[in-house]
Amino acid sequence: MKKEDRFVKQITPKSVDFSKWYGEIIRKAELADYAPMKGMMIIRPYGYAIWENLKAQLDKRIKDSGHSNAYFPLFIPESLLAKETEHLEGFSPEVAWVTHGGQEELEERLAVRPTSEAIIGSMYSKWIKSWRDLPLLINQWANIVRWEKVTRPFLRTTEFLWQEGHTVHETSEEAQEETLMILAMYKEFVESELAIPVISGIKSEREKFAGALATYAIEALMSDGKALQMGTSHNLGQHFSKVFNIRYEDRNQNIQYAWQTSWGMSTRLIGALIMAHGDDSGLRLPPRIAPIQAVIVPISLGNWKDEVLPVAVKIQSELHEMGLRVELDQREEFTPGWKFSEWEMRGVPIRIEIGPRDVKENQAICVRRDSGKKEPVPLDALAVKLPELLSDIQKSLYAKALEFQMTNTHDIESYEEFKATLEEQRGFLRTFWCGKTACEERIKEETMATIRVILLEEDKSIGGERCILCGEKSEHLAYFARAY
RNA sequence: CGGGGCGUAGCGCAGUCCGGGUAGCGCACAGCGUUCGGGACGCUGGGGUCGUGGGUUCAAAUCCCACCGCCCCGACCA
C-alpha cells in the first residue's frame with residue numbers, strides 16, 4: 001500500500017512486525033482485551049458479535065445435518081477421565097484440577113474439561129441399548145480449559161469457546177462417513193462464511209487426537225505464511241466405547257461396541273479471520289459474518305443535521321428493513337475523517353458517505369474496505385447495489401486468499417529445496433513422506449515444519465513417489481508448514 | 001520450560017545508569033467555543049498505592065535484596 005493511501009496510522013504495519021500488528025488489531029478494533037490472569041482474555045462485544053455470527057452459521061449446518069444440541073458438565077471426575085489412558089496422557093499436562101469445595105478437600109479431584117469425550121461417553125453408555133438408539137448425533141457449545149504454557153489471544157488461550165460434536169454409530173463405516181461428512185462441512189463453512197480457503201486431509205499418527213483412531217483436519221495459510229489448524233474431525237473407532245462400555249444389541253441380536261466420532265471448531269476462527277484477511281489498515285471482515293456490514297458516515301458540513309442526517313436515517317432504516325446490518329455513525333465529537341479510519345480499522349466491508357453535495361445530487365458514496373474503491377450510487381439504487389457489493393466483497397476476499405494460498409503452495413522435490421523454500425518464503429510445502437514418525441520428527445527438528453495434513457486417497461493424482469527425507473517409496477502426499 | 005524485553009494516569013512513553021530532593025509529556029477523557037468530503041483547533045479541567053514486599057537514607061520511581069506479573073522469540077498443543 002502506498003504511503004499516501006494508508007489512512008489508518010494507529011497500528012503497526014503487518015509487514016513491519018506481524019505479531020505486534022496482530023495484537024494491536026485485537027485491542028484497537030476492540031475484539032478482545034487481556035484478562036488479569038495469564039493466558040486469559042475478555043472477548044469484547046465487537047469480537048463476540050463475530051463469534052455469534054460464526055456460531056449461528058455453523059449451528060445451522062450442524063442442525064441441518066441431523067445433530068441436536070445438548071449440554072454436559074464443566075467438571076469431569078478424575079476416574080472418568082483416566083479410563084482411556086492414551087486420552088488422559090495426551091491431555092494431562094494441560095488439565096486444570098479442582099481440589100476443594102469451599103474449605104473441604106474433595107474425595108476425588110475434578111478436571112475442568114479439556115474436551116468432553118469422557119463425560120459424554122459415560123452418559124452414552126446409559127442411553128444406548130439397541131441399534132434403534134443409533135445413530136446418536138449430539139453437539140454441544142461450551143467453554144474448555146487447557147493449561148497452555150504459551151498463549152496468544154484467540155489462537156491459544158487457557159479458556160476458549162468451541163463446539164464439540166459427539167456421535168455414535170452402528171458400524172465402522174458409518175462412523176467414518178460421519179467423520180468425513182463433518183470435515184467437508186467444516187471446509188464448506190470456512191470457505192463460504194469466513195472466505196478462507198482451506199486444505200483438508202488426515203493428520204499423521206503423531207499429530208492425531210489423543211485416543212482417536214484417525215484425525216482429519218482443515219488447515220489454512222495465514223498471510224505471514226504460517227499454517228493454522230481451523231477444525232478437526234476424529235474417527236474414535238471403539239476406543240471410548242470399550243472403556244465407557246457403550247454397547248448395543250445389533251440387528252442380528254449380537255451385543256456390540258458402538259463406533260464413535262468427535263469434532264470441533266473454536267474461537268480460534270476469529271484469529272484466522274484477522275490473520276488471513278487483515279491488512280496494514282486493520283481488519284477486513286467478510287460481509288457474511290461482519291457484525292456491521294455497512295456504516296453510514298454523514299458528512300457534517302453546514303446545516304447537516306437538517307439536510308443530511310434525515311436522509312442518512314432514511315437510508316439506514318431502508319437497508320435495515322432488508323435485513324442488512326447497517327450502522328449510522330452520527331457521533332458529533334468525531335470528524336468524518338476520524339470515523340473513516342476507525343471503521344476501516346474495524347473491518348466494516350462498506351462505508352456509505354453522505355454529505356450536502358450528495359443530498360443535492362440524490363446519491364451516496366460507497367467505499368469498499370477490501371479495495372478502497374469509491375463510487376457514487378443513486379439513493380434509490382442503494383437497495384440493489386449494496387447486496388451486490390457485499391457479495392462481491394465476500395467473493396473477492398476469498399479469491400485474494402486463494403490466490404495467496406496457491407502462490408504460497410510449493411511442490412517440493414528435494415530436502416534441500418524443502419529447507420530453502422521454508423527459509424525464503426514459508427507457505428505450504430507439498431511433498432511425499434514415507435509415513436515413518438522418525439522422518440517426520442527429524443524434519444520438524446531441522447526445519448520447524450510439521451505435517452499439517454496428508455491428502456486423502458481420492459485426492460491423490462499420483463502414487464509411488466519417494467519420501468523427501470529418506471527416499472523410501474511413498475504414497476503419502478503431505479502438506480508441511482510451520483504452524484501456529 | 002529456556003532466551004530476550006518490559007512494569008510510572010485508560011493507552012504509548014520520558015524520568016532510573018552517571019547525579020536520591022515538588023512525578024512529567026503525547027494521545028485519550030470532561031467542559032466551553034470554533035470546526036467537519038481522509039484521524040481538526042483553541043482555552044480550561046480531572047485523573048498516579050511509580051508492579052509487590054522488605055531494606056539503606058533526613059529524604060527513594062531513582063540505590064540494595066526478594067518476589068510477582070505481562071509481552072515477544074524458541075521446545076509441546078483447538
Side-chain angles (χ1 to χ4, degrees), chain A residues 4-12 17-24 27-28 30 33-41 90-95 113-115 142-164 186 203 206-210 215 217-219 228-234 262-272 281-282 297-305 308 330-345 351 353-359 364-365 367 372 374 376 441 444-445 448 450 482-484:
Chain A
E4 60 266 30
D5 291 340
R6 196 173 166 263
F7 295 115
V8 174
K9 299 168 189 78
Q10 320 316 112
I11 53 179
T12 305
D17 186 336
F18 195 84
S19 289
K20 205 167 174 186
W21 169 84
Y22 179 78
E24 285 179 2
R27 267 171 296 139
K28 295 194 169 154
E30 298 183 355
D33 203 353
Y34 292 107
M37 308 82 77
K38 177 178 162 48
M40 302 204 170
M41 65 170 179
F91 279 103
S92 71
E94 48 195 57
V95 172
R113 63 178 164 219
T115 180
N143 59 336
I144 290 294
V145 169
R146 294 184 188 172
W147 219 261
E148 301 281 357
K149 286 169 188 159
V150 178
T151 57
R152 297 191 78 185
F154 292 115
L155 300 178
R156 183 171 301 106
T157 47
T158 302
E159 179 187 12
F160 59 93
L161 306 182
W162 79 346
Q163 143 289 301
E164 50 180 324
Y186 279 171
K203 286 280 181 184
R206 193 178 167 279
E207 301 266 337
K208 76 165 196 196
F209 177 74
T215 290
I218 55 171
E219 297 260 342
L228 182 72
Q229 177 171 307
M230 295 184 68
T232 47
S233 181
H234 315 292
S262 71
W263 27 274
M265 283 212 278
S266 72
T267 36
R268 172 179 272 189
L269 293 176
I270 297 172
S281 297
V297 178
I299 305 302
S300 36
L301 271 173
N303 192 16
W304 70 282
K305 276 195 189 170
V308 176
Q330 50 179 307
R331 292 174 296 177
E332 291 181 48
E333 63 270 33
F334 297 111
T335 61
W338 193 93
K339 293 176 184 175
F340 295 169
S341 296
E342 175 76 4
W343 293 115
E344 254 161 47
M345 190 174 65
R351 177 174 76 240
E353 301 175 15
I354 180 154
R357 261 188 344 243
D358 301 309
V359 172
I365 310 291
V367 187
K374 299 186 184 191
E441 276 175 352
K444 182 176 180 183
E445 239 166 69
M448 297 191 314
T450 51
R482 289 188 184 157
Y484 277 96

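Note on naming: letters A, B, ... go to the chains in the order of the sequence lines (proteins, then strands), and numbering restarts at 1 for each one. Predicted model only: the values in this text are computed from it and were never measured.
One C1' atom belongs to B:C67, the other to B:A75, and the distance between them is 27 Å to the nearest Å. Taking atom C1' in both B:U22 and B:C27, one finds a spacing of 25 Å when rounded to whole Å. Only the C1' atoms considered, B:U62 is 16 Å distant from B:G51, to the nearest whole Å. For the P atoms, the distance linking B:A61 with B:U52 amounts to 11 Å, nearest Å. B:G21 and B:U57 are spaced 12 Å apart, taking the C1' atom of each and rounding to whole Å. Separating the P atom of B:G15 from that of B:G54 is a span of 28 Å, rounded to the nearest Å. For B:G53 and B:C68, the C1' atoms lie 10 Å apart once the distance is rounded to whole Å. For the C1' atoms, the distance from B:G26 to B:C63 is 30 Å, rounded to whole Å.
If you measure from atom CD of A:E24 to atom P of B:C27, you get 18 Å, rounded to the nearest angstrom. When the P atom of B:A28 is taken as reference, atom CE of A:M345 falls 13 Å away, rounded to whole Å. Summarising the geometry, the separation between CD on A:E353 and C1' on B:G37 is reported as 7 Å, rounded to the nearest angstrom. To the nearest angstrom, P of B:G38 lies 9 Å from CZ of A:R351.
Applying the side-chain contact (heavy atoms from CB on, under 4.5 Å) test to A:P376 and every residue at least two apart in sequence or in another chain returns A:Q363, A:I365. Judged as a side chain to side chain donor-acceptor pair (under 3.5 Å), and not counting sequence neighbours, the contacts of A:R206 are A:E441. Residues forming a side chain to side chain donor-acceptor pair (under 3.5 Å) with A:S262 (at least two apart in sequence, or on another chain): A:E117. Residues forming a ring pair (Phe, Tyr, Trp, His ring centres under 6.0 Å) with A:F91 (at least two apart in sequence, or on another chain): A:H87, A:F209. Residues forming a salt bridge (charged side-chain N to carboxylate O under 4.0 Å, His left out) with A:K305 (at least two apart in sequence, or on another chain): A:E332. Looking at residues two or more places apart in sequence or on another chain, you find no ring pair (Phe, Tyr, Trp, His ring centres under 6.0 Å) involving A:W304. A:W162 is linked by a side chain to side chain donor-acceptor pair (under 3.5 Å) to A:E164, counting only residues two or more places apart in sequence or in another chain. Judged as a side-chain contact (heavy atoms from CB on, under 4.5 Å), and not counting sequence neighbours, the contacts of A:F334 are A:R331, A:W338, A:K339. Evaluation of the ring pair (Phe, Tyr, Trp, His ring centres under 6.0 Å) rule for A:W343 yields no partner, not counting sequence neighbours.
Note that A:R156 lies outside the cation-pi zone of A:Y484, set by a 6.0 Å cut-off to the ring centre and a 45° limit from the axis.
With hydrogens and angles ignored, a donor-acceptor pair closer than 3.5 Å exists between the side chain of A:K374 and the base of B:G38.
A 3.5 Å limit on both hydrogen-bonding distances identifies B:G69 as the Watson-Crick or G-U partner of B:C6. In this structure, B:C13 and B:G24 make a Watson-Crick or G-U wobble pair, each of the two defining distances being under 3.5 angstrom. Pair check for B:U34 finds B:A40; Watson-Crick or G-U wobble, both atom distances under 3.5 Å. Here B:A61 sits opposite no nucleotide as a Watson-Crick or G-U wobble pair (both hydrogen-bonding atom distances under 3.5 Å).
A distance of 8.5 Å separates CG of A:L269 from CG of A:L228, quoted to the nearest 0.5 Å.
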Using a 4.0 Å cut-off on protein heavy atoms (strictly under), produce a 5'-to-3' string for nucleotides 73-78 of chain B with B for base contact, S for backbone-only sugar-phosphate contact, and - for none.
SBBSBB
Protein N or O to nucleotides 32-36 of chain B N or O, pairs below 3.5 Å:
residue: B:C36; atom: O2'; partner: A:S300; partner atom: O; Å: 3.1
residue: B:C36; atom: N1; partner: A:S300; partner atom: O; Å: 3.1
residue: B:C36; atom: O2; partner: A:S300; partner atom: OG; Å: 2.8
residue: B:C36; atom: N3; partner: A:S300; partner atom: OG; Å: 3.4

Just the table, please: protein N/O against nucleotides 11-14 of chain B N/O, every pair under 3.5 Å.
none

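The two residues A:S266 and A:F160 make their nearest non-hydrogen contact at CB-CD1, 3.7 Å.
Within 4.0 Å (heavy atoms only), A:I144 reaches no atom of the nucleic acid at all.
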